Amino acid sequence: ATPAALMVGVGKGAEAGILIRGAEHLERAVRLTTVVFDKTGTLTKGEPVVTDVVLLPDTGNRPSLTEADVLRLAAAAEANSEHPLAAAIVRRAEMSGTAPPVASSFEAIPGCGVCVHVDGCEVLLGNRRLMADRGVAVSDHAEATMLRLEEDGKTAMLLAVDCQLAAVIAVADTVKDNARDAVAELRRDGIAVVMLTGDNERTAFAIARQLGIDRVIAGVVPQDKAREIQRLRDTGEVVAMVGDGINAAPALATADIGVAIGSGSDVAKETGGLVLIRDDV
Ligand code: ADP
Ligand code: MG
């Protein structure tokens with residue numbers, strides 16, 4: 001009777017907007033103990049909005065930058081990035097009516113940020129790790145500004161021009177409407193829920209709190225997400241990983257069950273054993 005039952009299950013899944021790419025995924029799902037969610041674009045809408053542009057006091061001989069300068073450079077830096085944070089910055093610059101200059105080089109550093117050359121300057125935009133890697137000093141004032149923004153659940157990014165910090169740019173994303181219910185329902189079924197993110201711990205915990213999630217693995221670069229999944233499996237947990245991004249594919253492949261979001265990247269959808277057709281966890 002098993003093949004018939006699996007076929008009915010796959011059909012029922014399709015009715016509920018869940019594409020099940022092979023009955024083995026359904027069979028494994030019975031033993032599930034833990035569901036790990038990617039944060040950005042999976043639990044949150046992935047449509048972040050710029051909320052704060054904080055100019056940092058000058059430390060060197062560079063002329064002071066205005067908010068408009070900062071937005072122009074930031075938009076130039078992000079023009080070629082596919083990250084949701086990039087889209088927020090580009091939109092904000094468009095709104096303020098400033099046309100960003102075109103960068104002469106572009107480098108994306110996954111899980112960290114971007115580095116471009118524009119207007120004869122080197123512009124870095126990203127997190128603390130990016131600044132540490134490139135030898136940019138982060139002042140106490142900049143650090144305190146970031147902490148304050150992160151406590152509010154915002155993602156704070158640092159902008160440096162020629163290795164000098166110029167501004168902190170904060171971006172906020174909202175959680176998906178049904179995400180809180182999904183988490184509550186899983187927990188009622190005795191399944192542990194974990195948030196996995198490249199974002200920093202404070203921002204991640206502030207968002208997790210809104211969703212009723214108490215286990216957070218933060219500050220994980222995309223290359224290491226698969227390793228975190230494997231670590232959970234090694235402790236005997238049977239793990240589903242839910243994600244959307246291009247970078248999520250290795251983690252989806254490592255999990256016992258990979259669940260891709262239908263609105264996400266093609267790579268994720270190719271890798272996931274289950275695909276949620278609607279953008280609804
Ligand atoms: P998530 O796990 O939430 O999808 P990522 O791993 O993509 O996050 O990114 C982790 C962090 O790296 C971001 O929170 C941000 O601080 C920084 N970052 C990544 N890409 C960019 C970018 N294009 N511009 C600025 N910052 C970025
Ligand atoms: Mg992501």
Side-chain angles (χ1 to χ4, degrees), residues 36-48 50 52-53 70-71 73-93 100 103 106-116 123-134 136 138 142 146-147 149-150 153-160 165-176 179 194-208 211 213 216-229 241-252 261 264-265 267-268:
V36 180
F37 288 99
D38 221 354
K39 177 171 76 66
T40 310
T42 299
L43 289 172
T44 68
K45 290 183 179 157
E47 292 161 7
V50 173
D52 306 77
V53 177
V70 163
L71 282 172
L73 291 175
E78 298 285 17
N80 291 305
S81 168
E82 284 162 1
H83 203 279
L85 291 170
I89 288 172
V90 171
R91 270 196 305 272
R92 169 63 188 267
F106 170 78
E107 184 192 353
I109 305 111
C112 291
V114 291
C115 172
V116 304
V123 176
L124 293 170
L125 180 57
N127 55 17
R128 295 176 180 86
R129 193 181 295 131
L130 177 70
M131 298 304 154
D133 286 350
R134 303 294 170 117
V136 178
V138 177
M146 290 190 76
L147 288 177
L149 296 163
E150 287 165 356
K154 295 170 182 170
T155 299
M157 288 165 284
L158 294 159
L159 179 89
L165 281 191
V168 179
I169 302 178
V171 153
D173 199 355
T174 44
V175 302
K176 281 185 186 167
V194 180
M195 177 195 278
L196 178 63
T197 180
D199 215 341
N200 73 90
E201 204 159 76
R202 268 169 310 281
T203 306
F205 267 107
I207 305 250
L211 290 164
I213 296 177
V216 173
I217 309 175
V220 182
V221 292
Q223 311 84 280
D224 290 347
K225 284 187 177 172
R227 197 190 314 154
E228 293 295 335
I229 298 293
M241 167 77 202
V242 190
D244 69 314
I246 301 167
N247 296 326
L252 294 186
I261 306 269
S265 69
V267 191

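Atoms within each ligand, like the ligands themselves, are counted from 1 in listed order. What you are looking at is a predicted structure, and each value in this text was computed from that prediction instead of being measured.
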*Considering only heavy atoms of Ser81, which atoms of ligand 1 have at least one such atom less than 4.0 Å away?*
23 (N)
*ligand 1 versus Thr197, non-hydrogen atoms closer than 4.0 Å: side chain, backbone, both, neither?*
both
*Run the side chain to side chain contact (heavy atoms under 4.5 Å, CB included) check on Val168 and Asp52 step by step: do they pass?*
CA-CA 8 Å; Val168 179; Asp52 306 77; over 6 Å; no
*Hey, which atoms in ligand 1 end up nearer than 4.0 Å to a heavy atom of Leu125?*
25 (C)
*State the atoms of ligand 1, each with its element, that fall below the 4.0 Å cut-off from a heavy-atom position in Gly126.*
25 (C), 26 (N)
*Check the surroundings of atom CD in Gln223: do more than 12 heavy atoms from other residues, nucleotides or ligands lie under 6.0 Å from it?*
yes
*asked:* Going by side-chain hydrogen bond (donor to acceptor under 3.5 Å, both in side chains), name the residues that satisfy it together with Asp224, two or more places apart in sequence or in a different chain.
replied: Arg227
*asked:* Working to the nearest 0.5 angstrom, can you tell me the gap between Leu165 CG and Leu159 CG?
replied: 8.5 Å
*asked:* Could you tell me if the side chain of Ile207 sits less than 4.5 Å from the side chain of Leu43, heavy atoms only?
replied: no
*Measure from atom 1 (P) of ligand 1 to every heavy atom in Ile169, Thr40, Thr203 and give the option owning the shortest one.*
Thr40
*Can you find an N or O of Gly198 that's nearer than 3.5 Å to an N or O of ligand 1?*
yes
*Hey, which atoms in ligand 1 end up nearer than 4.0 Å to a heavy atom of His83?*
5 (P), 7 (O), 9 (O), 19 (C), 20 (N), 23 (N)
*Taking atom CD of Glu107 as the centre, does the number of heavy atoms from other residues, nucleotides or ligands within less than 6.0 Å exceed 12?*
yes
_Below 4.0 Å, non-hydrogen atoms only: which portion of Arg129 touches ligand 1? Side chain, backbone, both or neither._
neither
_List ligand 1 atoms under 4.0 Å from Val114, heavy atoms only on the residue side._
23 (N)
*Please examine the side chains of Lys176 and Thr44, heavy atoms only from C-beta on, and report whether any two atoms are closer than 4.5 Å.*
no
*Check ligand 1 against Met157 and write out every atom of the ligand that is under 4.0 Å from a heavy-atom position of the residue.*
25 (C), 26 (N)
_Which residues pass the side-chain hydrogen bond (donor to acceptor under 3.5 Å, both in side chains) test with Arg129, not counting sequence neighbours?_
none
*asked:* One residue to check: Gln223. Relative to ligand 1, which of side chain, backbone, both or neither has a non-hydrogen atom less than 4.0 Å away?
replied: neither
*Counting each atom of ligand 1 from 1 as listed, which ones have a heavy atom of Thr155 under 4.0 Å away?*
14 (O)
_Walk me through whether Val116 and Glu78 qualify under side chain to side chain contact (heavy atoms under 4.5 Å, CB included)._
CA-CA 9 Å; Val116 304; Glu78 298 285 17; over 6 Å; no
*Counting only heavy atoms, which portion of Cys112 has something under 4.0 Å from ligand 1: side chain, backbone, both, or neither?*
backbone
*asked:* Considering Lys225, Lys39, Glu78, Glu82 one by one, which has a heavy atom nearer to atom 23 (N) of ligand 1 than any of the others?
replied: Glu78
